[in-house]
Amino acid sequence: ADHEGEKGKLQNFKEQMGGDIDTMDMDSVDRDFFDDNPEPLDVDNSTDEEKFKKWVNEQLKDMDLTIGDYLGGGMFGEVYKTDHGVIKIVGVPQTMRAARAKEKNYRPIDDVDVEREVSNYNIVSDAREQDEDIRMHFPEVYNSQAIPFEDGSKIGFIHMEELEPLTSDQTMSVADP
């Protein structure tokens, strides 16, 4: 009985295809398909910004982090709240550098800048471990690394503790004389 059902499905398919499948020219079927669908099937029409955001989220997922609210930023990156601390994302892909610099009114940063920023956080982290005065004033850095984007651009990820703003009393106690 199952065999009869399969034969019926095949007959249905043959009728939908408009003829006998056994004698169909598969090249003409392919040509018809690609005439109707000229774009390759794996075309990604995402903008550079969308591709970068998706990639950043994939990197954060690999770090077991979920990005939250934007907290601030400057020339060397943007800082976001995460489910554990904050993440500073340093740099953007080459295709976005000029536009991002113009938008932020900064000079474009390159791979050397990204590596330097990551290195600076590593140096501060090491110094923080050895000196109580430094530890009081700098965040604990959980992880910092530069990861190459799809185009080879280096993107820095600096995961660190979130610092709380100083109270007015604290501000007065660390103010310059």
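Not measured: the values here are computed from a predicted model. Throughout, residue positions are numbered sequentially from 1 according to the sequence presented. All values below come from the heavy atoms of this structure, side chains included, with hydrogens, waters and symmetry mates left out.
Remark: R107 engages D113 in a salt bridge, criterion side-chain N to carboxylate O under 4.0 Å. Electrostatic pairing of R128 and D133 does not count as a salt bridge here, judged by no charged N lying under 4.0 Å from a carboxylate O. Using a cutoff of 4.0 Å between basic side-chain nitrogens and carboxylate oxygens, E162 and K81 are scored as salt-bridged. Ion pairing between E49 and K54 fails under the 4.0 Å rule for side-chain N and carboxylate O. Using a 4.0 Å cut-off between charged nitrogen and carboxylate oxygen, K104 and E78 count as a salt-bridge pair. Note on K53 versus E50: no salt bridge recorded, every NZ/NE/NH1/NH2 to OD/OE distance being 4.0 Å or above. For the pair E117 and K88, the salt-bridge criterion is met [side-chain N within less than 4.0 Å of a carboxylate O].
Take E140 and apply the side-chain hydrogen bond (donor to acceptor under 3.5 Å, both in side chains) test, not counting sequence neighbours, and it matches no residue. When the side-chain hydrogen bond (donor to acceptor under 3.5 Å, both in side chains) test is applied to E129, no partner is found at least two apart in sequence or on another chain.
Residue pairs meeting the salt bridge (Lys or Arg N to Asp or Glu O under 4.0 Å) criterion with at least one member in residues 65-75: none, sequence neighbours excluded.
Put simply, V118 and I87 are part of two different groups of oily side chains (I, L, V, M, F, W, Y) that touch within less than 4.5 Å, one to the next. Hydrophobic clustering (ILVMFWY, side-chain heavy atoms < 4.5 Å, transitive): Y80 and I147 are in one cluster. Linking Ile, Leu, Val, Met, Phe, Trp and Tyr residues whenever their side-chain heavy atoms come within less than 4.5 Å leaves I123 and Y142 in two separate clusters. A continuous path of hydrophobic side-chain contacts links M96 to Y70 [ILVMFWY only; heavy atoms under 4.5 Å]. Under the 4.5 Å side-chain contact rule for hydrophobic residues, F76 and Y106 share a cluster.
Side chains of V56 and I89 form a contact here, defined as non-hydrogen atoms less than 4.5 Å apart. Annotation: side chain of V90 is not in contact with side chain of E115 (no heavy-atom distance under 4.5 Å). N57 is not listed as a side-chain neighbour of K61, based on a closest heavy-atom distance of 4.5 Å or more.
Atom CG of D62 sits in a crowded spot, with more than 12 heavy atoms from other residues, nucleotides or ligands closer than 6.0 Å.
Of all heavy-atom pairs spanning P108 and A101, the tightest one is N-CB, 3.5 Å. Closest non-hydrogen pair, L65 versus H84, comes out as CD2-O, 4.2 Å. The minimum heavy-atom distance between G91 and F52, with the atom names listed, is O-CZ, 3.8 Å. Heavy-atom minimum distance, V92 versus R100: CG1-NH1, 3.5 Å.
Relative ring orientation between F157 and W55 is described as tilted, the plane-to-plane angle lying within the 30° to 60° band.
Between E150 atom CD and I155 atom CD1 the span is 10.5 Å, to the nearest 0.5 Å. Between D64 atom CG and N143 atom CG the span is 11.0 Å, to the nearest 0.5 Å.
Under the side chain to side chain contact (heavy atoms under 4.5 Å, CB included) rule, V86 has a single partner from I158, V79, L163, which is V79.
In this structure a side-chain-to-backbone donor-acceptor pair under 3.5 Å is present from D151 to Q94.
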- [ ] In sequence, state the C-alpha distance, the side-chain angles, and the governing distance for R97 and D111, and then conclude on salt bridge (Lys or Arg N to Asp or Glu O under 4.0 Å).
- [x] CA-CA 11 Å; R97 288 180 180 169; D111 291 348; 2.7 Å; yes
